[in-house]
Number of protein chains: 2
Amino acid sequence: MATSKKKSDTGLADSIAPGNVTAKDLSNMLGIAQSSVSRAFTPDSRISDELRQRIIALADEVGYRPNAIARSLNTKSSGIVALVMGDITNPFYPEVLEAFSYRLQKEGKQLLLFVVPPGRQADDVMPQVLQYQIDAVIVTSAHMSSRTADMCCRRGIPVIFLNRRVKNNSVWSVCCNNARMGESVADYLVERGYRRCAFIAGAANTSTSSDRRRGFVKALGRHGLTLAASLDGHYTYEGGYAAAHALFRNQKNDVDALFCANDIMALGALDYLKHVAKLAVPHDVAVVGFDDIRAAAFPAYNLTTVRQPTQEMIDVTMRLLAEGAPPDQAGKALHEVGGQLITRGTA
Amino acid sequence: MATSKKKSDTGLADSIAPGNVTAKDLSNMLGIAQSSVSRAFTPDSRISDELRQRIIALADEVGYRPNAIARSLNTKSSGIVALVMGDITNPFYPEVLEAFSYRLQKEGKQLLLFVVPPGRQADDVMPQVLQYQIDAVIVTSAHMSSRTADMCCRRGIPVIFLNRRVKNNSVWSVCCNNARMGESVADYLVERGYRRCAFIAGAANTSTSSDRRRGFVKALGRHGLTLAASLDGHYTYEGGYAAAHALFRNQKNDVDALFCANDIMALGALDYLKHVAKLAVPHDVAVVGFDDIRAAAFPAYNLTTVRQPTQEMIDVTMRLLAEGAPPDQAGKALHEVGGQLITRGTA
DNA sequence: ATGAAAGCGCTAACAT
DNA sequence: ATGTTAGCGCTTTCAT
């Protein structure tokens with residue numbers, strides 16, 4: 001029981017009080033240079049296979065792993081990607097989050113998450129985020145000022161907007177072809193005989209909502225129609241519900257189809273129409289959403305919607321990250337990937 | 001326009017090429033010691049108010065913020081809390097995530113998120129996580145071996161299981177009073193006249209599911225009843241749907257009430273019962289869930305369920321983190337907070 | 001109260 | 001291929 005109580009003294013780590021073995025400890029135990037230990041954990045570094053094996057073996061035995069913080073300090077890259085997300089209440093975003101997490105894990109990167117509270121901006125959290133030598137910032141469903149985006153850019157931190165188009169051309173945007181899909185929805189509804197089509201918008205000022213609306217209106221125009229109504233549903237369930245309420249409370253028949261800028265609003269609208277207004281969907285009124293969240297396929301809703309190509313959007317995002325280049329001034333800062341109309345029971 | 005192009009040369013940071021101003025730069029500009037800059041950003045440190053003001057003022061002007069990575073390196077604490085989450089598909093967990101994120105933001109801490117893919121364990125990601133000098137690990141809805149938990153503990157990293165009870169007494173558990181609420185559900189169903197009650201379990205081996213079941217069975221026993229059936233629904237929508245299908249496909253009337261170990265299974269069961277089996281809920285069969293996710297209140301489901309006190313659970317978790325102490329050997333490693341039965345239309 | 005100097009644990013030149 | 005030596009940007013003694 002004569003276990004020595006010395007610590008970091010002889011350089012031989014006590015096997016009884018492990019926890020934080022360092023590269024120095026390891027090198028002492030093996031009688032080699034500390035830098036060799038570092039090399040053993042650096043791919044493509046000049047070190048003999050034999051030495052690397054010995055180092056790794058001992059490392060496994062004593063539970064050594066390089067300290068990522070120390071590494072980050074001199075490489076100036078932490079291996080951490082920040083994801084700034086508003087509106088996590090919308091089930092679409094947890095789906096994005098899940099996919100993103102898997103993707104980053106595969107690349108050995110970490111995911112630092114910020115949920116932006118309703119009514120606040122991504123800007124508020126950025127100063128904090130930037131203290132961590134983040135490799136990149138992905139902003140989704142949240143607003144960030146050009147000023148802040150530029151600040152990141154100047155620090156060499158790429159900023160990518162996912163599911164938001166942004167004017168600022170020091171950042172990338174990755175989106176679904178929203179306007180085009182808006183057109184598809186209009187074409188589909190008109191083809192099915194609907195003529196008095198309304199639009200339930202998401203949050204004001206969001207490109208996704210206005211792009212979808214623009215395409216929708218444009219295609220209606222091609223059929224000689226105009227928008228029967230347009231309300232703001234704030235991208236929330238409650239907003240969709242309230243919009244449907246506003247449109248149908250008087251049983252007036254001005255509207256026979258509802259295109260909602262996202263699914264969660266569509267669910268809210270459906271719940272009002274079916275359970276409160278007691279209308280028959282799609283007979284009395286059709287409803288179409290956008291995103292194709294999981295619940296859209298539940299029998300209770302069975303929602304016709306536009307599927308966002310989440311996986312492809314993330315693939316593009318990761319590719320942009322890997323390239324690391326900021327968008328060229330020329331302008332092509334927007335990447336669009338194609339959505340798909342999924343027809344179910346509501347339209 | 002004679003802006004000098006020198007950089008980090010005289011020590012005077014160029015105002016045209018900022019990005020990474022360091023404490024050293026700042027101290028040079030002010031003709032003071034770098035350690036004073038550090039002190040200016042350290043609460044309760046010995047520095048005159050006057051000097052601190054000057055430093056902060058300049059820092060704001062040039063956009064200096066202390067490098068969190070460098071700070072972490074010598075304080076050995078990164079200000080980052082890791083959240084390891086399985087099953088993000090269950091809407092309950094995004095709700096937890098949101099609340100947790102807000103809470104950590106309030107304390108100035110960062111949230112590192114890991115989503116554990118289905119079929120894998122939290123153990124797989126822990127070695128990676130530990131490289132980052134994490135302040136604590138919260139595990140929710142995922143399994144982690146005692147071995148891994150002990151490893152964290154030995155490194156001085158507190159591990160807290162949220163919504164999972166665990167035998168290992170080097171970690172804390174924070175749960176709802178699951179067994180008690182299971183009893184409440186049974187009492188409620190029996191009181192409403194249901195006699196042939198089935199249980200749809202979550203993932204096998206999870207304490208939450210078995211605790212809820214145990215309480216449920218116990219209370220049924222008090223009323224002289226036994227469990228009419230018990231199936232595994234794996235805590236998923238599809239699992240709940242499949243379980244209901246298995247129980248009701250033959251229109252046999254062995255069961256008149258279903259207690260599902262979580263809400264998302266209950267939604268699956270409800271969708272099958274109402275839209276496929278065309279049964280009347282709650283007339284033909286009652287359904288009760290657990291969690292009180294947002295969708296439980298949607299008119300399409302209107303689910304009677306047990307509300308988990310998410311906020312309180314997180315409060316307790318944060319308090320444990322602040323205290324930092326590992327559970328005392330004596331055993332009281334489990335914190336239970338009270339749930340609440342929310343009666344709606346399905347039972 | 002402030003300055004000087006020694007690390008935190010690693011990576012990245014340099015040597016050899 | 002390996003060892004030696006400087007840092008990365010801070011915090012923290014230790015002086016003064």
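In what follows, chains carry the letters A, B, and so on, assigned in the order in which the sequence lines appear, proteins first and then strands, with residues in each chain numbered from 1.
- Listed by chain and number, the residues in a side chain to side chain donor-acceptor pair (under 3.5 Å) with A/Glu95 amount to none (sequence neighbours excluded).
- For B/Arg319, there are no side chain to side chain donor-acceptor pair (under 3.5 Å) partners at least two apart in sequence or on another chain.
- Test B/Leu321, B/Val84, B/Val174 against B/Ile138 for side chain to side chain contact (heavy atoms under 4.5 Å, CB included) and you get one pass: B/Leu321.
- Residues that satisfy the side chain to side chain donor-acceptor pair (under 3.5 Å) test with B/Glu98, not counting sequence neighbours, are B/Tyr102.
- Among the heavy atoms of the strands lying under 4.0 Å from B/Arg46 is at least one base atom, whether or not backbone atoms are also near.
- Partners of A/Gln131 according to the side chain to side chain donor-acceptor pair (under 3.5 Å) rule, which considers only residues two or more places apart in sequence or in another chain, do not exist here.
- Here chain B contacts DNA chain D (any atom closer than 4.0 Å to a heavy atom, that is under 4.0 Å), and the contacts span D/dG9 to D/dT13 from 5' to 3'.
- Residues A/Gln34 and A/Thr22 fail the side-chain proximity criterion, which asks for heavy atoms closer than 4.5 Å.
- You'll find the side chain of B/Phe41 stays beyond 4.5 Å of the side chain of B/Arg52, heavy atoms only.
- For the pair B/Leu112 and A/Leu111, the minimum side-chain heavy-atom distance is 4.5 Å or more.
- At the heavy-atom level, A/Ile69 lies nowhere under 4.0 Å from the strands shown.
- Rounded to 10 degrees, the angle between the two end axes of the helix from C/dA1-D/dT16 to C/dT16-D/dA1 is 40°, with five pairs used at each end.
- The side-chain contact (heavy atoms from CB on, under 4.5 Å) check on B/Thr140 picks up B/Leu83, B/Met85, B/Tyr93, B/Leu162, B/Asn163, with sequence neighbours excluded.
- The nucleotide range of DNA chain C contacted by chain B, defined by atoms under 4.0 angstrom from heavy atoms of the protein and reported 5' to 3', is C/dA1 to C/dG9.
- Along DNA chain C, the nucleotide nearest to B/Gly31 and the one nearest to A/Arg71 differ in position, and the one closer to the 5' end is contacted by B/Gly31.
- The shortest non-hydrogen separation linking B/Ser101 to A/Leu113 is OG-O, 4.4 Å.
- Pairs of residues two or more places apart, or lying in two chains, never qualify as side chain to side chain donor-acceptor pair (under 3.5 Å) while including a residue from residues 64-75 of chain B.
- Interface residues of residues 35-43 of chain B facing DNA chain C, ordered by number: B/Ser35, B/Ser36, B/Arg39; criterion, heavy-atom separation under 4.0 Å.
- Judged as a side chain to side chain donor-acceptor pair (under 3.5 Å), the pairs with a partner in residues 142-152 of chain B (not counting sequence neighbours) are, in order, B/Gln121-B/His143, B/Asp123-B/Ser145, B/Asp123-B/Thr148, B/Ser145-B/Thr148, B/Ser146-B/Asn168, B/Asp150-B/Asn168, B/Asp150-B/Ser170.
- Nearest-nucleotide mapping onto DNA chain C: of B/Ala70 and B/Ile47, the residue sitting toward the 5' end is B/Ile47.
- For residues 112-121 of chain A, the pairs satisfying salt bridge (Lys or Arg N to Asp or Glu O under 4.0 Å) are A/Arg120-A/Asp124, with sequence neighbours left out.
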